[in-house]
Amino acid sequence: MKTANCVRAAVLAASLCVSAPAIAQEKTGNKEGFSLKPGTVRIVLMRPVVDVGEQSTGGMFEPNADWTTQARGYLATALGQAQSKLGNVVVEYSDQSTGDGPLVTQYSHLFNSVADSVIEYQFFPGNRLPTKKRGKSFEWGMGDGLSRLTSLKGADYALFISTHDEYGSTGRKVLQIVGMLGGVGVTSGVHQGYAGLVDLKTGELVWLNADRQMGGDVRTLEGAQKRVTQLLEGFPGRPVEVAAAGN
Amino acid sequence: MRRSLALLASALIACAGSAAHAVDPTLALPTYTAAYEPTNVDERGLWMQADEAERRMRDSPLRIRDGNLEKYLLGVLCREVGQERCAGVRLYAMEDPQFNASMMPNGAMFVQSGFLLRVRNEGELAAVLGHEFAHFELRHGLNGFKNRRTGTDVMAWVTVLGGISNTPTGSTQLSLVGSIFRFNRDQETAADLLGLKYIAQSGYPAHSASEIWKSLMAEQEATARGRKLKAKQHFTAGFFDTHPTPLSRAVYLAQEADKLPAGGDPRKQELQDALAPYLPRFLAAQNKLNDFGGTDYILSNLAARSGWTSDLLFARGELYRARANPRDLQLASQFYREAKAAGYAAPDLDRNLGLALIRNGQVEEGRAALSAYLMAAPEASDAAIIHTLMAN
C-alpha cells in the first residue's frame with residue numbers, strides 16, 4: 001500500500017533524465033533597500049538541510065549516509081569559520097525544551113516552499129508573476145507567526161541553508177562519455193544549494209541566494225568551505241573588505 | 001540396557017505425540033533480528049532519507065498527537081506481529097482521508113485516518129498493519145529501490161545507444177518499465193502472504209485480510225455510482241499498477257486463509273471505542289474529498305455498527321450541504337436538527353444549519369440559527385463575516 005504515484009513519478013523522472021539537462025541561472029535577491037549594519041543583530045542558523053549521494057546511470061538519486069554525515073560536519077565547520085566574516089553574531093538554533101520543535105520544522109518546510117517559488121517566479125524573469133514585475137520589487141515572506149516562537153526570542157533573523165548534491169556514478173560518467181561520442185547529451189551530477197535570511201519580526205524574506213549549479217565538493221573540508229563561501233555570496237551586512245577576501 | 005531402550009522408546013513416542021500437536025510448520029514465522037542496523041551503502045542511504053522523512057512526519061500538523069490513538073494502534077500491531085517484532089516500531093497516526101498505511105525501511109509506520117474510517121473491526125486493522133510490517137521485515141524498500149535503479153540504468157543505456165545507432169527503442173523501454181511495476185506487485189503479494197502468517201499467530205480471524213478488499217470494492221462501486229460512472233473490477237493488474245487488484249487480492253487471500261486455523265474474536269467493539277473520539281475529525285477530512293457516493297457508503301457502514309450517532313448525523317448533514325442540490329439542502333437541515341436532538345453540542349452545528357437554511361430560502365429560520373451560533377461562539381474567527389451575512 002505504498003504511494004503508487006511516488007513510484008510512477010520516480011520511474012518517469014528517471015526515464016526523462018537522460019534528455020533533460022537542467023537549465024539554471026544563478027541569482028541573488030534582496031529586499032529593496034534592505035541593509036544590515038555589522039554588529040547590530042543576532043542571527044539564528046536553522047538546522048541545515050543536507051543531502052549527498054550518487055546519481056545512478058539512469059539518473060536516480062542514490063542517497064549516501066556516510067557522505068551526508070561528512071558533509072554535515074564539514075559544512076558546520078566551514079559555517080563556523082565563515083561566521084566571523086558575516087559581521088553579526090550567528091548562533092545555532094536550539095529548541096531549549098520549549099516544545100517549539102514541530103512548528104519550527106514546519107517553518108523550515110515553509111521556507112523551502114517560499115525559496116522554491118522565488119527561484120521559479122522571481123529569478124527566472126520570464127516566469128515572473130504580474131505582481132513581481134514592478135521594478136526591483138522582492139516581496140516574499142512566511143507570515144509573522146515566527147515572532148511568537150519562544151525558542152527564537154532574542155534573535156532578529158533566521159538563516160536557512162539547504163544543499164542537495166548528487167555525484168555522477170561511474171556508470172553515469174561512462175554513459176555520458178559514450179553519449180558524447182554519439183552526439184546524445186547526458187548530464188552527470190546535480191549540485192544545488194540555497195541560503196536565505198528571514199526577518200523574525202515580520203516573517204519577510206530579506207535575502208535569498210540560490211544556485212542550481214554550485215561548486216565545491218562538500219565531502220571534503222576545502223570543498224565545504226568553497227560551498228559555504230558561494231552560499232553566503234551577497235550576504236547583507238558583511239564588512240566589505242572581508243567579503244572581498246572571502247570570495 | 002533394556003531400561004534405557006525403553007526410555008528411549010518412550011521419549012520417541014513423547015516426541016512424536018508432541019509433534020502431532022505442534023503448529024503447522026508452514027505457518028512458522030521467519031527468524032527476526034531486533035534492532036537491525038542497515039548494512040550496505042544503499043541501505044544506509046535509504047535509512048537516512050527515511051529518518052529525515054520520519055522527522056517531517058513526526059512534526060507534521062496532520063499528526064494526531066494526543067498519544068492515545070497511536071498507543072492503541074501500536075497495541076494492535078503488537079498483538080498481530082508479537083511483542084518481539086513490534087518493540088522497535090514508531091507508529092504515527094495521520095489525518096489524511098486516503099485509504100492507506102505504510103512503513104518505511106527504518107521501522108516508522110504511518111496509519112492514515114481514511115484507512116481507520118474504513119476498517120470494520122480490529123482484525124481488519126491488524127491485517128493491514130501486519131502487511132505493512134511484512135514489507136519492513138522483508139526489506140522491500142531496499143529491494144524496490146535496487147530494482148528501480150537497475151531498471152532505469154538499463155533504460156538509460158538503451159536510450160543513449162538507441163540514439164547513437166538511430167534504432168527505435170520504444171518497445172524495449174516499455175517492457176523495462178513494465179518489469180519495474182511487476183516487481184512491485186510481486187512484493188505486495190509476498191507481503192500479503194507473510195501477513196497471513198502473522199494473522200495465524202495472532203488469534204484474529206484468518207479471513208480478516210480478504211474482507212478488507214471485498215469492502216473496498218463495494219466502496220469503489222458506491223463511489224462510481226455517485227459519480228454516474230461504471231465501476232470496473234479487474235482480476236489482472238494493469239501495466240502501471242503498483243499493487244495487485246483488490247479483486248485478485250480478495251481471492252488469493254481468501255484461498256490462503258482457508259488453509260489457516262479460523263482464528264478468534266475480531267474485536268469489533270474495541271475498535272469502535274478507540275476510534276469514537278476521533279470520528280468527527282476523520283469524517284470532516286473525508287467530507288472534503290468531494291466523493292458523495294464513497295462518503296455516504298462509509299457513513300452507512302459506520303451507522304450499521306453504532307447506529308446514527310450525533311457525530312455521524314452531523315457528518316451526513318455536512319455531506320449533503322456540500323453537494324447542495326435543493327433536495328440535499330432540505331435533507332442537510334434535517335440531519336443537523338437530528339444531530340442536535342441526538343446531543344451534538346459544538347456551536348458549529350448552528351452555523352452550518354443556518355447556512356443550509358439560508359441557501360434553501362428559509363431565511364428567517366437561518367438567521368435564528370446563525371444568531372444562536374454567534375451567541376455560543378462570539379469570538380469565532382468567522383464571527384465578522386457571519387454578522388455581515390445576517391445583516392443582508
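Note on naming: letters A, B, ... go to the chains in the order of the sequence lines (proteins, then strands), and numbering restarts at 1 for each one. The model shown is predicted, which means the values in this text are computed figures rather than measured ones.
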Item to check | Portion of S60(B) that has a non-hydrogen atom of chain A nearer than 4.5 angstrom | outcome: backbone
Checklist outcome for this item: Rounding to 0.5 Å, atoms CG (D153(B)) and OG (S169(A)) come to a distance of 7.0 Å
Checklist outcome for this item: Hits for side-chain contact (heavy atoms from CB on, under 4.5 Å) against V41(B), two or more places apart or cross-chain, chain-then-number order -> N64(A)
Item to check | E92(A) atom CD, neighbour heavy-atom count above 12 within 6.0 Å | outcome: no
Next on the checklist: Heavy-atom cut-off 4.5 Å, strictly under: side chain, backbone, both or neither for P38(B) against chain A?
Outcome noted: neither
Item to check | M48(B) and D51(A): CA distance, side-chain angles, deciding distance, side-chain contact (heavy atoms from CB on, under 4.5 Å) verdict | outcome: CA-CA 9 Å; M48(B) 172 190 82; D51(A) 261 324; 4.1 Å; yes
Checklist entry - Are E62(A) and R44(B) within salt-bridge range, i.e. N to O under 4.0 Å? => result no
Checklist outcome for this item: One should read off an interatomic distance between D100(A) CG and D59(B) CG, to the nearest 0.5 angstrom, of 11.0 Å
Next on the checklist: With rounding to the nearest 0.5 angstrom, report the OG to CZ distance, S56(A) to R148(B).
Outcome noted: 11.0 Å
Next on the checklist: Can you confirm whether Y36(B) is buried at OH, in the sense that more than 12 heavy atoms of other residues, nucleotides or ligands lie under 6.0 Å from that atom?
Outcome noted: yes
Checklist entry - Where does F145(B) contact chain A at under 4.5 Å (heavy atoms): side chain, backbone, both or neither? => result both
Checklist entry - At their closest point, which heavy atom of E52(B) faces which heavy atom of R47(A), and how far apart are they? => result OE2-NH2, 2.9 Å
Item to check | R65(B) portion near chain A, given a 4.5 angstrom heavy-atom threshold | outcome: side chain
Checklist entry - Do other residues, nucleotides or ligands put more than 12 heavy atoms under 6.0 Å from R281(B) CZ? => result yes
Item to check | Top contributor to chain B interface from H109(A), E54(A), Q106(A) [non-hydrogen pairs under 4.5 Å] | outcome: Q106(A)
Item to check | Part of V49(A) lying under 4.5 Å from any heavy atom of chain B | outcome: neither
Checklist outcome for this item: Closest non-hydrogen contact found for A156(B) with G58(A) is CB-CA, 3.7 Å
